Structure formats: C-alpha cells, structure tokens
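What follows is a short report on a single structure.
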Amino acid sequence: MRVNRKLCFFVTVLLFVIISPGMKSDSKAAIVNSGHQKYSYGELKSDLEEIEKKYGDYCQINVIGKSADARNLYEIVLGNADATKHLLVIGNLHAREYMTTTLCMKQIEYYLKNYENKISRKKVSTVLNEVAIHFIPSCNPDGTAISQFGFNAIKNSTLRKALRRMGGGSRRWKANARGVDLNRNWRVAFRRKGSPGGAGYHGKRAESEPETKALVRWVRRVEKQGKVVGVISYHSTGSILYGRCAGSATRYVKSQTYRMQKLARSMTGYSLMPTESIQQANSCSREYFLYRKHIPCITIEIGHGSCPLGAGEFPSIWRKNKNLVIREAMLFD
Ligand SMILES: [Zn+2]
C-alpha cells in the first residue's frame with residue numbers, strides 16, 4: 001500500500017515534468033496564423049475570442065455594425081479607450097485584398113504581446129495610454145467570403161441570386177455582397193458611376209451600404225470622445241502609398257499626413273503616388289477623411305503580385321509593416 005502511494009506520487013511528478021513545458025510553449029504559441037492564404041471570417045472570429053481571453057486587460061473588442069449578409073464588423077481597441085487621441089486602422093475595404101486583414105490581426109497580436117515591452121525604444125503601453133489604436137481589420141467580410149469561397153458563401157438567398165445575375169467570377173471580387181465598391185461609396189463629391197458587380201460601382205447614393213454607414217458612425221462616435229488623429233487604410237497591391245493632399249486640404253491635415261507618409265515610406269520602401277484631386281478621386285474613403293472630416297490619412301498598398309496575394313508574400317509584407325502602426329501612433333503621443 002505504502003509503495004503504491006509512493007509510486008502514484010512519483011508518476012504524478014513525472015507526468016507534470018513531461019507535460020508542463022508543453023503547456024508553457026502552448027500559451028506562447030501565436031494565435032493568428034499567417035502561414036496560409038485564405039484567412040477567413042471564421043478564423044478572424046475565433047482568433048478574436050482567443051485574443052480577448054489572453055489579452056483582455058489591454059484591449060476591447062466591439063462590433064460596430066453588420067455587413068449586408070449579417071457578418072460582424074469588428075473593432076479592436078488597443079490601449080486606453082478613453083484617451084483623447086485615437087488612430088484608426090482599416091483593412092479589407094476591398095474583398096480580394098484580404099491579406100490586409102491577416103496583417104492587421106498579426107499587428108494586433110504583436111502589439112498586445114509586447115504591451116509591457118519597448119518597440120523602437122518606447123514602451124508600447126505608454127504610447128497606447130496616450131493614443132488608442134482602433135483596428136477594423138475586416139471592413140468587407142461578405143466580399144471576402146465571396147472571393148475566398150464563391151457566391152455560395154453568401155447566406156441570404158436574395159443577395160446570392162442578385163450576385164449571380166451581376167455576372168463575373170468570384171475570386172477577384174472587390175465589392176461587397178450587394179456589388180458596391182466600398183471604397184467608392186463615400187460622401188465626398190459623390191458621383192453615381194458603374195453598375196452592380198465585382199468592382200467600381202459607387203452605389204445608388206453616398207453611404208448606401210451598411211459597411212460604409214458603420215465606419216461613418218464610428219468616426220462620429222469617436223469624435224465625441226476625443227480627436228481622430230489619423231487614419232491608416234490598408235489595401236493591396238503594388239507596394240505603393242497614397243499620402244499626398246490636394247490644395248483644398250487644411251494646413252494641419254497636409255502637415256500631419258506628410259509626417260505619416262514620410263514615416264511609412266521610410267519603413268516600407270513603398271513609393272509615393274501623385275496627388276489626386278477630389279474630382280478624380282470622388283466618392284473615395286481617403287478623400288472623405290481628408291477633405292470632409294479634416295483627418296490626416298494615408299493609404300498603404302501592400303504586396304507585389306495580383307490579388308488575392310499568395311501566402312508566400314506575407315513574410316516580406318510583415319517585415320516592412322510589423323512596427324508601422326505603433327510607430328505612426330508615436331507621431332501623435
Ligand atoms: Zn483596394
């Protein structure tokens with residue numbers, strides 16, 4: 001009997017010694033998997049649950065609206081949600097550019113993991129205490145589902161039938177589930193253009209789409225509690241960036257946008273595109289932020305190949321963009 005008890009104790013200790021290092025490395029394992037090409041809405045949802053479990057003290061996860069096909073539009077706030085300064089990062093306005101969602105999710109996890117550490121000689125928590133970073137990693141989850149899995153991924157049968165009538169393939173879809181281009185649906189020199197389909201249709205009127213409405217509401221809500229110091233909008237492809245302003249921008253918007261693009265350019269090596277006037281870039285989100293809301297804004301186009309980008313491009317995109325968002329926040333802290 002005594003021997004058995006001793007044996008039991010010995011086996012328990014042995015098991016603990018064998019299992020515990022495994023448990024330790026499990027808790028250190030990354031949540032977001034960037035090693036495969038199709039980072040899906042389902043994955044986004046479960047990764048956010050994991051992130052909330054692991055880093056709930058440092059972030060807030062909200063649903064800011066629903067897409068046309070009833071998917072959640074998630075917002076992840078890093079740091080002090082009551083700060084007076086707020087930086088907005090949006091990804092995936094265009095469906096087939098869904099690697100921007102993977103990038104935003106990796107950035108979120110990386111900044112949270114290093115919350116008490118320094119990045120570029122500054123403590124992350126100190127920066128985020130002054131400037132809250134709000135990520136909306138997927139502004140177009142329906143379009144992404146179309147691009148990744150075809151029209152059958154749309155649950156609402158009325159929407160699905162209408163999509164089939166629009167014609168065209170699904171893989172290179174840019175628009176939402178109603179065939180509206182979510183980067184052309186904004187109340188800034190709005191013009192009706194195109195017809196419902198995979199790309200380029202502005203919609204019947206400005207802010208006609210639930211996804212655009214949710215983002216406009218976001219701006220209004222955050223402006224009530226503080227200042228939106230800047231917007232970083234991730235698109236792909238071409239390794240280029242839009243960071244110039246037309247003459248009608250205020251001096252403040254011009255100078256802050258200049259600082260944002262200069263930093264982004266030095267970190268990524270992406271090349272700066274020429275200015276577009278409001279007339280050329282009518283109905284676009286960047287112009288809405290710059291000229292209607294007077295918020296500094298840059299658009300960053302990641303990757304080289306045609307969209308959807310292959311998984312092999314991610315490591316180099318990650319190297320260039322890993323610290324970019326937190327460094328942009330440091331411009332305002
Ligand atoms: Zn785009």
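Bear in mind the structure is a predicted one, so any value in this text is a computation, not a measurement. One is the number of the first residue; the rest follow in order along the sequence. In each ligand, atom 1 is the first atom listed, and ligand 1 is the first ligand listed. The figures that follow rest on heavy atoms only: side chains count, while hydrogens, waters and symmetry mates do not.
Tyr252 OH to His294 NE2: the interatomic distance, rounded to the nearest 0.5 Å, is 12.0 Å.
Residues Asn321 and Tyr270 have side chains that bring a donor and an acceptor to within less than 3.5 angstrom of each other.
Under the 6.0 Å cut-off for aromatic ring centres, His134 and Trp218 qualify, their centroids lying closer than that.
The side chain to side chain contact (heavy atoms under 4.5 Å, CB included) test applied to Glu116 returns Tyr58, Lys123, Ser125, not counting sequence neighbours. By the side chain to side chain contact (heavy atoms under 4.5 Å, CB included) test, Ser34 is found to be paired with Thr102, Lys106, Phe314, residues two or more places apart in sequence or in another chain being considered.
Looking only at protein N/O/S atoms, the ones less than 2.8 Å from the Zn ion (ligand 1) make 4 in total.
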Tell me which donor-acceptor pairs under 3.5 Å the side chains of residues 259-266 have, and how far apart each pair is, sequence neighbours excluded?
from   : atom 1 : to     : atom 2 : distance (Å)
Arg259 : NH1    : Gln256 : OE1    : 2.9
Arg259 : NH1    : Leu331 : O      : 3.3
Arg259 : NH2    : Leu331 : O      : 3.1
Gln261 : OE1    : Arg265 : NE     : 3.1
Ser266 : OG     : Leu263 : O      : 2.9

